Structure formats: structure tokens, C-alpha cells
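All heavy atoms count here, side chains included; hydrogens, waters and symmetry mates do not. In this text, all values refer to a predicted model and were calculated from it rather than measured experimentally. Numbered from 1 within each chain, the chains take letters A, B, ... in sequence-line order.
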Amino acid sequence: MPELPEVETTRKGILPFVDKQTVAKIIIRQPKLRWEVPDAIHDMEGEIIQSVTRRGKYILLETSKGTALIHLGMSGSLRVLDVGVAAEKHDHVDFEFSNKKLIRLRDPRRFGAVLWATKNPLKHKLIRSLGPEPLGDDFNTDYLFLASRGRKVSIKQFIMNGHVVVGVGNIYACESLFKAGISPKALAGKVSKKRYEKLVEVIKEVLARAIEQGGTTLKDFVQVEGNPGYFQQELNVYGRAGEACLVCESSIKQIKQGQRSTFYCSKCQK
DNA sequence: AAAGACACCTGTCCGC
DNA sequence: TGCGGACAGGTGTCTT
């Protein structure tokens, strides 16, 4: 579900309701997410949220006692609601605030996570080895080209690897490769520097545009106040197997790479 | 270090 | 209508 644009949309959505607010209470209905929600998360209660940031697909809620790390997995979402609104199925964790708002994590598949870091969260095991932010300056042609040398995986799997660059999931990997005119099957180690230059450019464009559009709603992604994203209207290949390429009209193909579906145009992408 | 398979879990959709 | 199987926006872990 959420890739970087959806997570960033979520972060921006909760920000005005929780930043500088005091955590009143944390309710854990289902602790068994991808990892068990640690009891120590209750140390947040009574603390003020000092910042609401994002690293990769993790949302970080910082307090003076520690930082909550929230990951939405494949099916997770955060909603802003008023304290007292009844929880429904799959509503696993609530963060209640003294302003009577709450942030509710819903995650049917439970691949998401709520963790607690008492030290520098950027040094947390799951975060410290992540690749650069795709919209930052250290994600650039030189970096990506150098990182790709000697790599035998496909370019698509390469850019989806969070240790190479964070935030590029299945949708935006497919869309970026289409816009760059690169076959998803090309081997990462064989792609020219010139083509990496184009790829870096389009990844930044595609992600920035998707954030502007509030993310992609395929089925159940919603922004924190329940509205869908709109980027799905701009998808060129993802989910369009058998349909006509919007550029050349040949049929969009679907294959499996690393057990994930890949959509591409074999005429536009070489 | 790198690559590939597998794991986690629930809901939905499609074909019979 | 029911049932089995495939599939879904992610990513850590284990094995080669």
C-alpha cells in the first residue's frame, strides 16, 4: 500500500493535529503487528510531541523520552479522529492527545509496525542502513550509478531496494522506469550513466508529483481525514496489463520480478 | 556482499 | 453459492 508519497501525505496530514500536543493515552488493542508493540511505548504518555518527521516509509513522533516509529506496511493507514469514536475491526493502536484528537492505526494485514526508540531513532537497527531519501540531494546520478556497478539484479528490483534508495515501491518503480524509457528487466550493473541520470530525474518528478496529488488510492489508501489520493489518475503502466500504452498503444505487459508484479511497455522501454 | 526464496496476515476477486 | 487459488501498495531473515 503506502509508498513514500502515501507516507508523506499521511505525515503531513497528522502534523497539524499532533505537533506540540501532549500524548494523553496510548491504547493497544492488538500488539501483534509485524513486531510486538513494546510496552515501553506508554512512556510517551504525558510527553509533548516535539516533531513529526519521516525517514523512508517510517513516520517518527519525537518526544523527550523517546521516538515512536510507525510503519504502515502493505495495508496500514493513520486516521485523525475525535477521542471517543468507536474503534472498528483492524484498528490496532490509538494515540490520544490532550486536544481530544486521536491518531488511529488501522492495518488489516498487520505488516506494519509501531516501535519505540529511546536513543537516536536514525541509529535504530531498521533505519540506520537505509539508503538516501529520493527527494534529497544525496540521491543523484553519481550515487546511483556507482551503487549499481557490479549488481546483477534487474534495475527494477535495484531501485525498489530500500538499502539503495528509500521510498520507491512497486507502483512508483514501474511508473518511473516507464517515464525513463528503461526496461524493468535491464540489469542494474549494465545500465549507462546517462540512463541513470534520466532515471534519477524521473523518480524525483514522479514522487514529487504523487505527493502533490495526495498519493495513489488503488483500493483502500486514504488520507488522514478519509479522502483518497489522486495520483492513480496519472498512472501510465501500473495495474494496466493488457491495456493500450498511452504513448504507443501497444499492450502493457505484466511479469513477475522478485515475486512482485511488474507492468511495462515493451515498445517504449528498452 | 549479493541474490533469491520465504515469511508474516487478511481481504478480495476470479474461475469452476 | 461455495471453495480453492492467486493476488495485493513492504521488507526482514534465512539460505545459498
Nucleotide nearest [X] (side chain, heavy atoms from C-beta), chosen from [options]:
{"X": "P108(A)", "options": "dG11(B), dA8(C), dT11(C)", "answer": "dG11(B)"}
{"X": "K125(A)", "options": "dA3(B), dG10(C), dT13(C)", "answer": "dT13(C)"}
{"X": "K256(A)", "options": "dG12(C), dG4(B), dA8(C)", "answer": "dA8(C)"}
{"X": "R260(A)", "options": "dA8(C), dG10(C), dG11(B)", "answer": "dG10(C)"}

Once you round it to whole Å, what is the distance between [atom2] of [N] and [atom1] of [X]?
{"X": "L69(A)", "N": "dT11(C)", "atom1": "CG", "atom2": "P", "answer": "14 Å"}
{"X": "R106(A)", "N": "dT10(B)", "atom1": "CZ", "atom2": "P", "answer": "16 Å"}
{"X": "R240(A)", "N": "dA8(C)", "atom1": "CZ", "atom2": "P", "answer": "17 Å"}
{"X": "N170(A)", "N": "dG10(C)", "atom1": "CG", "atom2": "P", "answer": "6 Å"}
{"X": "L130(A)", "N": "dG10(C)", "atom1": "CG", "atom2": "P", "answer": "14 Å"}

OP1 or OP2 of [N] versus the side-chain N and O atoms of [X]: is any pair under 4.0 Å?
{"X": "H71(A)", "N": "dT11(C)", "answer": "yes"}
{"X": "K57(A)", "N": "dG12(C)", "answer": "no"}
{"X": "K89(A)", "N": "dG11(B)", "answer": "yes"}
{"X": "H163(A)", "N": "dA2(B)", "answer": "no"}
{"X": "S261(A)", "N": "dA8(C)", "answer": "yes"}

So does D137(A) get a backbone contact from the side chain of N140(A), meaning a donor-acceptor N/O pair under 3.5 Å?
yes
Do S261(A) and Q254(A) meet the criterion of a side-chain donor-acceptor pair at a distance under 3.5 Å?
yes
Exercise: do Q50(A) and S64(A) side chains pair donor with acceptor under 3.5 Å:
no
Beyond-backbone contact of V166(A) with F139(A), side-chain heavy atoms, under 4.5 angstrom:
no
Is any side-chain N or O of R151(A) under 3.5 Å from a base N or O of dA3(B), one able to act as donor and the other as acceptor?
no
So what's dC9(B) paired with, Watson-Crick or G-U wobble, going by both distances under 3.5 Å?
none
If you look at every strand shown and take non-hydrogen atoms under 4.0 Å, does [X] touch a base, only sugar-phosphate, or nothing?
{"X": "G162(A)", "result": "nothing"}
{"X": "Y58(A)", "result": "sugar-phosphate"}
{"X": "R110(A)", "result": "sugar-phosphate"}

5' priority, DNA chain B, between A147(A) and Q259(A) [closest heavy atom]
A147(A)
What's the verdict on side chain to side chain contact (heavy atoms under 4.5 Å, CB included) for I171(A) and L218(A), showing C-alpha distance, side-chain angles and the deciding distance?
CA-CA 10 Å; I171(A) 297 176; L218(A) 290 184; 3.8 Å; yes
